[in-house]
Amino acid sequence: MTIRICVSILPETPYEARKLITHAEDLQVDFIEIRLDNIGKSHHLVDLTTHVETPLIAADHSRREESEHQAILLNAAKSGFNYIDVPLSSHKLQNFVSTIKATGAKSIVSFHDYSKTLNLNELNRILEREVSSGADVCKIVTTATKMEDNLTLLQFLSSAPIRKKPICFAMGELGKTSRLLSPVFGSFFTFATLEQGSETASGQMTVQEMRTAYEILGLR
């Protein structure tokens with residue numbers, strides 16, 4: 001069992017992005033996800049990847065036209081980002097995943113449900129679609145509306161093939177249990193925030209909170 005933590009940041013400017021990356025590296029996290037929602041149109045994303053030892057993930061959750069969205073992600077891949085988060089709903093998904101991988105970056109094909117948590121059969125069908133796309137990492141994120149939703153996701157993870165590098169947990173305050181325990185049940189990594197007030201999704205805990213919890217549970 002390996003517990004890996006990815007810090008997610010949502011910078012307003014490239015300058016802020018560099019500062020947050022430095023902060024995250026000081027905390028010695030395993031991955032850094034840079035949300036490009038506000039800075040994706042910058043042509044100097046390569047400046048963010050220079051002299052960074054921690055693997056960088058590019059994601060864009062903004063509401064853009066599909067062509068613009070894919071152009072931003074492809075630019076990130078060409079700029080040296082190690083992983084690119086590609087929505088499962090992307091147009092010509094397999095072709096785009098292949099294009100991303102041709103740059104040398106790895107693909108995280110992701111599915112998000114912002115209203116509910118799916119049942120085991122639905123989760124497995126989504127995983128199969130992500131695997132079929134050629135994903136290097138398969139990410140499924142739902143929303144917890146009751147505590148039992150955490151159990152569903154952890155059960156799903158416990159039976160998902162580790163070689164597919166699944167990531168699965170629930171957003172929301174009720175989803176914190178799955179965020180924390182997902183790596184214990186096979187998730188490739190889980191997400192945290194640098195500090196309170198800078199969360200990029202509901203229910204995120206800080207890096208220190210997660211590490212303290214793992215220590216109390218005897219997992220680190």
Side-chain angles (χ1 to χ4, degrees), residues 6-22 24 31-52 54-116 118 126-143 165-169 171 188-189 191 193-194 198-204:
C6 174
V7 157
S8 180
I9 62 174
L10 180 58
E12 293 292 332
T13 65
Y15 174 75
E16 183 186 9
R18 288 191 289 272
K19 289 180 58 178
L20 294 174
I21 290 170
T22 298
F31 299 90
I32 303 170
E33 178 192 67
I34 303 178
R35 289 271 300 273
L36 301 176
D37 303 32
N38 302 317
I39 63 171
K41 294 184 178 181
S42 170
H43 297 293
H44 304 289
L45 293 180
V46 68
D47 294 342
L48 303 183
T49 63
T50 305
H51 307 305
V52 178
T54 308
L56 297 179
I57 301 168
D60 178 12
H61 294 182
S62 63
R63 296 182 177 180
R64 307 184 196 272
E65 293 293 331
E66 178 75 7
S67 59
E68 184 181 12
H69 176 77
Q70 291 194 357
I72 286 171
L73 293 179
L74 182 57
N75 181 38
K78 292 177 178 179
S79 298
F81 279 78
N82 307 91
Y83 292 84
I84 306 297
D85 187 304
V86 179
L88 182 60
S89 60
S90 296
H91 181 61
K92 295 184 178 179
L93 176 63
Q94 289 184 336
N95 290 341
F96 188 55
V97 167
S98 295
T99 300
I100 290 295
K101 294 169 77 169
T103 68
K106 294 182 179 181
S107 61
I108 301 175
V109 176
S110 63
F111 169 88
H112 293 79
D113 191 316
Y114 294 96
S115 62
K116 63 184 183 303
L118 309 176
I126 291 170
L127 179 63
E128 290 174 4
R129 289 173 58 197
E130 293 179 340
V131 171
S132 297
S133 74
D136 295 295
V137 179
C138 299
K139 178 182 172 185
I140 302 175
V141 179
T142 68
T143 300
K165 295 185 178 178
I167 298 170
C168 187
F169 58 85
M171 296 179 285
F188 184 43
F189 59 76
F191 283 84
T193 183
L194 283 174
S198 61
E199 297 86 352
T200 60
S202 174
Q204 281 181 354

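Residue indices begin at 1 and follow the sequence shown.
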Spacing of CG belonging to Leu127 relative to CD1 belonging to Ile140, to within rounding of 0.5 Å: 5.0 Å
Validation row: Cys138, Val131 side chains within 4.5 angstrom (heavy atoms): yes
Separation between CD1 of Ile126 and CG of Leu118, rounded to the nearest 0.5 Å: 4.5 Å
Lys78, NZ atom: more than 12 neighbouring heavy atoms under 6.0 Å: no
CD-CZ distance between Glu16 and Arg18, expressed to the nearest 0.5 angstrom: 11.0 Å
Minimum heavy-atom distance Gly40-Ile72, with the two atoms named: O-CG1, 3.6 Å
Beyond-backbone contact of Ile32 with Ile57, side-chain heavy atoms, under 4.5 angstrom: no
From OG (Ser132) to CD (Gln94), nearest 0.5 Å: 7.0 Å
Minimal non-hydrogen separation, Pro87 against Leu73, with atom names: CD-CD1, 4.5 Å
Validation row: Leu74, Gln70 side chains within 4.5 angstrom (heavy atoms): no
Non-hydrogen side-chain atoms of Ile84 and Ser107 separated by less than 4.5 Å: no
Derivation and outcome, side-chain contact (heavy atoms from CB on, under 4.5 Å), residues Ser90 and Leu93: CA-CA 5 Å; Ser90 296; Leu93 176 63; 4.0 Å; yes
Under 3.5 Å: donor-acceptor pair, side chain of Thr103, backbone of Thr99: no
Min side-chain heavy-atom separation Leu36-Leu45 under 4.5 Å: yes
Minimum side-chain heavy-atom gap Val137-Lys106 below 4.5 Å: no
Val52 to Leu56 - nearest heavy-atom pair and separation: CG1-CD2, 3.9 Å
Close side-chain approach of Gln204 to Ser8, heavy-atom, < 4.5 Å: yes
Shortest non-hydrogen contact from Ala135 toward Val97: N-CG1, 4.5 Å
Within 6.0 Å of OH in Tyr15, more than 12 heavy atoms from elsewhere: no
Under 3.5 Å donor-acceptor, Thr193 side chain and Ser198 backbone: yes
Nearest atoms (heavy-atom pairs only) where Glu33 meets Asp85: OE2-OD2, 4.3 Å
Phe188 side chain near Ile108 side chain, heavy-atom distance below 4.5 Å: no
Which residues share a side-chain hydrogen bond (donor to acceptor under 3.5 Å, both in side chains) with Arg129, sequence neighbours left out: none
Aromatic plane relationship, Phe189 with Phe31 - under 30° parallel, 30 to 60° tilted, over 60° perpendicular: tilted
Gap between atom OG of Ser62 and atom NZ of Lys41 - 0.5 Å precision: 8.5 Å
Chi angles and distances behind the side-chain contact (heavy atoms from CB on, under 4.5 Å) call for Phe111, Val141: CA-CA 6 Å; Phe111 169 88; Val141 179; over 6 Å; no
Plane angle bin for His61 and His112 - parallel if under 30°, tilted between 30 and 60°, otherwise perpendicular: perpendicular
Any donor-acceptor pair under 3.5 Å from Thr49 side chain to Ser79 backbone: yes
Closest non-hydrogen atom pair, Tyr83 against Pro55: CE1-CB, 4.3 Å
Polar side-chain atom of Thr143 near backbone of Met171 as donor-acceptor pair, under 3.5 Å: no
Note: Glu130-Lys139 ion pair, threshold 4.0 Å (strictly below): no
Reported CD1-to-OG1 distance for the pair Ile39 and Thr13, which is rounded to 0.5 angstrom: 7.5 Å
